[in-house]
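Right, one structure below, let's go through it.
Scope of the values below: all heavy atoms of this structure, side chains included, with no hydrogens, waters or symmetry mates. Quick caveat: nothing in here was measured; it's all calculated off a predicted structure.
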Amino acid sequence: MKRAAAAAISLMTGLAMLTGCSRAEVEETIQPLVADAIEESDSEAEAVKEEDESPLIPEIDTDIKIHAGSRIAVVSKCVKGEYWKMVKKGMEDAVKEINKAYGYKKDDQITMTFEGPDNEEDVETQINTIDAVIAENPDVLCISASDMDSCEAQLEAAKENGIPVIAFDSNVAEKKLVKAYRGTDNVQVGKMAAYQLGSALGKMGKVAVFSAQQKTKSIQDRVEGFMNNIGKYGDIEVVETIYSDQVDDMEASMKEVLEKYPTLDGVFCTNAEITEMYLNLEKSDEHDAPALVGVDATTKQQEAIRNGEEIGCVSQQPYAMGYQTIWAAVETTAPKKSVVIEKNVLSNPAWIDADCLDDPDYSGYLYTE
């Protein structure tokens, strides 16, 4: 699908979300109006394609006098899984391309370390890692906070030691302690999920939200976006909201909900881990399975979408997020007031269904092993 057509579809989806109409109704009304614009903008897009292939990747501006030999310490919410591997790959590529653009070699090269727990809910390990990293006095600290409130003391310590902090993926409560944030518009993730699930249910039904940890800001935003919007699409009731850090056994809790509501119509899972856990559950064959909307287009979810187990998922661009984070980090090493660093850069999520899986325009949203 060409970019202009993709933009038109995004516009129609947005209008449908705002008006409560189906996308088919919106398409019927505005499709004649956008047809000419699509044709005109397609040729324009082809002309700039080579120089603007990936607008989410920031341009490396060598006029900015960054500090040679800077050490960037990244403490991630997690280091395992396709999503985090793509974040890390974006960061690694950014480091390589920055060194190449500036001609940095040997001791002048920008370097990066990437650490964190194996489990997103292991807050203690992440805090201990941040403590150890700050003790090594890096030039910049980048963090994705598992618990938005738990690392305030560490951020204060970084500030006292003159270490700027870039947050990515999931922000902290005390935003004044971070120089910038690079992530997804997670409220929009929830809104998209609400629209797609509401539309799939025919504007009525009972749904459940199975969520990752409540103490993570990105998850709070997704749930907020979903809960504040699902009611716009008809008589839809959210009968249960379960957070993985509020129960002893998330898998058992999901099973209990399915048993309690044997005719449940829909499920929203707020991240890749919870979505895959739900897909792995043994479900009753007595009734049709609830319509499932997940988050993050992992390999497993792509397979589930192809075979009809999942109607689709809302996905992010982790590679671009990683790249953006590193560029923001190196910008902080430039002399004060010589560069203006944008405080918050939020990337738009995308809806991934069977029509998108083989479309190259969505490749940045599809994760690989």
Side-chain angles (χ1 to χ4, degrees), residues 1-3 5-10 12-13 16-17 22-24 27 54 80-87 89 184 188-202 205 207-212 222 226 230 233 250-251 254-255 258 264-321 347-369:
M1 182 185 298
K2 294 182 179 180
R3 289 185 183 179
I9 288 174
S10 177
M12 289 186 279
T13 299
M17 291 172 67
S22 69
R23 202 178 83 183
E27 284 179 1
S54 196
K80 289 192 173 180
E82 294 171 359
Y83 175 84
W84 297 109
K85 288 178 181 177
M86 291 185 71
V87 169
K89 182 66 164 61
T184 302
Q188 185 65 15
V189 170
K191 287 182 178 180
M192 278 190 174
Y195 169 71
Q196 295 293 343
L197 189 55
S199 300
L201 298 185
V207 303
V209 177
F210 295 144
S211 181
R222 292 173 195 175
F226 183 85
I230 188 63
Y233 306 110
M250 186 61 179
E251 185 174 332
M254 288 193 288
K255 287 180 179 178
L258 295 177
L264 191 69
D265 298 290
V267 168
F268 171 46
C269 294
T270 65
N271 75 348
E273 182 180 2
I274 299 299
T275 308
E276 293 187 0
M277 184 184 296
Y278 177 81
L279 286 169
N280 287 333
L281 289 179
E282 289 187 14
K283 304 176 186 71
S284 172
D285 295 329
E286 295 180 12
H287 304 283
D288 292 336
L292 169 63
V293 169
V295 173
D296 291 329
T298 59
T299 302
K300 185 175 184 65
Q301 287 193 70
Q302 291 175 51
E303 180 184 353
I305 291 168
R306 285 191 189 279
N307 64 30
E309 289 182 83
E310 185 173 353
I311 63 173
C313 68
V314 186
S315 198
Q316 308 175 78
Q317 293 213 47
Y319 178 92
M321 185 189 301
S347 301
N348 289 322
W351 172 248
I352 303 297
D353 58 18
D355 293 335
C356 304
L357 294 177
D358 299 311
D359 188 334
D361 279 349
Y362 291 91
S363 60
Y365 295 96
L366 304 177
Y367 310 168
T368 58
E369 293 184 49

At their closest point, which heavy atom of L264 faces which heavy atom of A208, and how far apart are they? CD2-CB, 3.9 Å
Smallest heavy-atom separation, A297 atom then Q302 atom, equals O-NE2, 3.0 Å
Where does the angle between the aromatic ring planes of F226 and F268 fall among parallel (under 30°), tilted (30 to 60°) and perpendicular (over 60°)? parallel
Heavy-atom donor-acceptor pair, S363 side chain to P360 backbone, under 3.5 Å: yes
Compute whether any side-chain donor of one residue and acceptor of the other, for E309 and N307, lie under 3.5 angstrom apart. yes
For the CG atom of L279 and the CD atom of E310, what is their distance to the nearest 0.5 Å? 5.5 Å
Smallest separation among heavy atoms of M86 and T368, with atom names: SD-N, 4.1 Å
List the steps, then state whether side chain to side chain contact (heavy atoms under 4.5 Å, CB included) holds for L281 with L258. CA-CA 10 Å; L281 289 179; L258 295 177; 4.1 Å; yes
Roughly how far, to the nearest 0.5 Å, is CE of M277 from CE of M254? 5.0 Å
Could you report the tightest heavy-atom contact between I274 and A212, atom names first, then the distance? CG1-N, 3.6 Å
Nearest atoms (heavy-atom pairs only) where T275 meets G294: OG1-CA, 3.6 Å
Look at R306 together with D358 and state whether they make a salt bridge at an N to O cut-off of under 4.0 Å. yes
Are a donor atom and an acceptor atom from the side chains of Y365 and Q317 found within less than 3.5 Å of each other? yes
To the nearest 0.5 angstrom, please state how far the CG atom of L366 sits from the CD1 atom of I352. 5.0 Å
So OG of S347 and CE of M321: to nearest 0.5 Å the spacing works out to 6.5 Å
Evaluation steps, side chain to side chain contact (heavy atoms under 4.5 Å, CB included), between N271 and R222: CA-CA 9 Å; N271 75 348; R222 292 173 195 175; 3.8 Å; yes
I want to check something: taking the side chain as every heavy atom from C-beta on, are T184 and V189 in contact at a cut-off of under 4.5 Å? yes
How close do L201 and A291 get, heavy atom to heavy atom, and via which atoms? CD2-CB, 4.2 Å
Can you check side chain to side chain contact (heavy atoms under 4.5 Å, CB included) on Y367 and S315, steps first, answer last? CA-CA 9 Å; Y367 310 168; S315 198; 3.4 Å; yes
Could you walk me through whether Y319 and K85 pass the side chain to side chain contact (heavy atoms under 4.5 Å, CB included) test, one step at a time? CA-CA 9 Å; Y319 178 92; K85 288 178 181 177; over 6 Å; no
Is there a side-chain contact between P290 and L292 (heavy atoms, below 4.5 Å)? no
With a 4.5 Å cut-off on side-chain heavy atoms, are I305 and I311 touching? no
Backbone of V295 reached by a side-chain donor or acceptor of Q301 within 3.5 Å: yes
Between the SG atom in C313 and the CG atom in D353, the distance rounded to the nearest 0.5 Å is 9.0 Å
Side chains of E82 and T299: do they bring a donor and an acceptor to under 3.5 Å? yes
Would you say P349 and V314 make side-chain contact, with heavy atoms under 4.5 Å? yes
Does the side chain of E251 come within less than 4.5 Å of Y278's, by heavy atoms? no
Say whether, by atom type as modelled, one donor and one acceptor occur between the side chain of D296 and the main chain of T298 under 3.5 angstrom. no
